[in-house]
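We use all heavy atoms of the structure for the numbers below, so side chains are in, but hydrogens, waters and symmetry mates are not. In listed order, ligands and their atoms are each counted from 1.
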Amino acid sequence: MFPPMTLNFDVRPNPQPRSAQDRAAILADPGFGTRFTDHMAVATWTAADGWHDSAVVPYGPFTLDPAAAMLHYAQGVFEGLKAYRHPDGSIWFFRAEANALRFQRSARRLGLPELPVEDFLESLQALVRADHAWVPDPAGGEASLYLRPYMFASEAFLGVRAAHHVTYAAIASPAGAYFASGVKPVSIWITTKYSRAGAGGTGSAKCGGNYASSLLAQEEAARNNCAQVLFADAGRHEFVEELGGMNIWFVRGDELVTPGLTDSILEGVTRSSILTLATRMGLRPVERSVGLTELLEGISDRSITEVFACGTAAVITPIGRFADESGRDYTVGDGSVGQTTSALRQALLDVQFGRAEDTEGWLTKVC
Ligand code: COI
């Protein structure tokens with residue numbers, strides 16, 4: 001199905017791995033995105049030689065020329081996926097091919113070389129096998145090992161063109177809940193002042209620029225006690241797009257609605273999994289354009305009973321409240337976690353953690 005594997009990710013073991021005691025302390029309270037494992041996967045691409053120099057090496061800093069194009073023109077893309085420990089101790093990826101394919105789409109949009117799917121998967125397999133002790137035992141919770149593959153222009157060149165020297169790397173970070181509040185409903189700040197991405201731009205690619213453009217609005221959200229920002233279309237700010245790092249859904253009657261994909265919305269792997277799970281659970285998932293007014297009126301008149309965010313990091317996070325720049329406040333239902341949100345969340349986690357049958361063939365065994 002995919003081109004043959006071309007890269008080997010042999011392991012050069014870290015001579016100074018963390019002690020088992022340090023690791024256990026980190027795994028006991030991993031938080032999100034601040035602690036990293038002992039190794040990383042790396043590979044280099046050059047216009048002349050293609051992909052080469054691949055390995056799993058000790059985790060550590062890069063040496064980067066100050067003129068590296070990534071630092072100036074942000075030519076870089078990334079992915080996010082997780083490795084899950086199952087009750088028998090084995091370790092599994094969830095829909096990693098979908099991330100590999102999106103990594104290719106993102107790379108194309110940013111003028112970067114595509115990493116073959118098999119190489120993407122092998123880099124992560126080799127990294128997780130080397131750092132298998134870092135995959136948390138969920139023990140009834142939902143901790144996992146978050147994987148962050150990424151690629152950036154490492155050519156030292158200040159002219160504006162696609163780089164001829166590119167670095168690929170994948171790092172791993174034990175992860176608990178993305179939001180400090182855990183799975184409690186979060187508040188969302190609606191901005192019509194700032195946009196995340198526009199038509200024809202890079203919104204559907206997973207590139208740092210989309211996240212950088214969300215940060216000022218994110219700070220405004222934090223000042224207003226909100227955890228995330230809801231972005232609307234950049235044209236007239238009429239249609240709901242996404243939360244910057246997550247897709248959004250709402251429940252109205254038996255319909256489960258999410259904004260249809262455009263070139264300014266990231267196609268989430270969790271979003272796509274919910275489309276399938278919802279159908280299996282007898283719900284009617286609908287992808288269509290959603291007016292901001294429709295969302296807020298539906299919350300106000302209680303025809304929208306639940307709203308939630310989804311993403312690899314966020315899993316499924318209930319949204320209890322929206323607030324906006326004009327001082328309006330909208331509580332979803334009674335502000336607590338809805339039944340559909342809980343059921344979908346449970347169904348997804350049960351598959352990921354091997355507690356339910358993987359009827360869709362979404363899991364791949366690592367070790
Ligand atoms: C993910 O969910 O994996 C992301 O990349 C989003 C980011 C907010 C952590």
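- Taking the six-membered ring where the residue is Trp, Phe353 and Tyr84 present perpendicular rings, their angle passing 60° and hence far from 30°.
- Between Phe231 and Phe239, the distance separating the two ring centers is not shorter than 6.0 angstrom.
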Listing, residues 335-343 side-chain donor-acceptor contacts under 3.5 Å, not counting sequence neighbours, or none:
residue: Ser336; atom: OG; partner: Asp334; partner atom: OD1; Å: 2.6
residue: Thr340; atom: OG1; partner: Glu306; partner atom: OE2; Å: 3.4
residue: Thr341; atom: OG1; partner: Glu306; partner atom: OE1; Å: 2.6
residue: Ser342; atom: OG; partner: Gly338; partner atom: O; Å: 3.2

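- In this structure, the separation between NE2 on His132 and OG on Ser90 is 13.0 Å, given to the nearest 0.5 Å.
- Relative orientation of the Phe9 and Tyr168 rings is perpendicular, given thresholds of 30° and 60° on the angle between their planes.
- Among protein residues, Phe78, Gly80, Tyr146, Arg148, Tyr178, Lys206, Gly245, Thr312, Ala313 come within 4.0 Å of ligand 1, judged on heavy atoms.
- We find that Arg284 and Asp254 are joined by a salt bridge, their nearest charged nitrogen and carboxylate oxygen being less than 4.0 Å apart.
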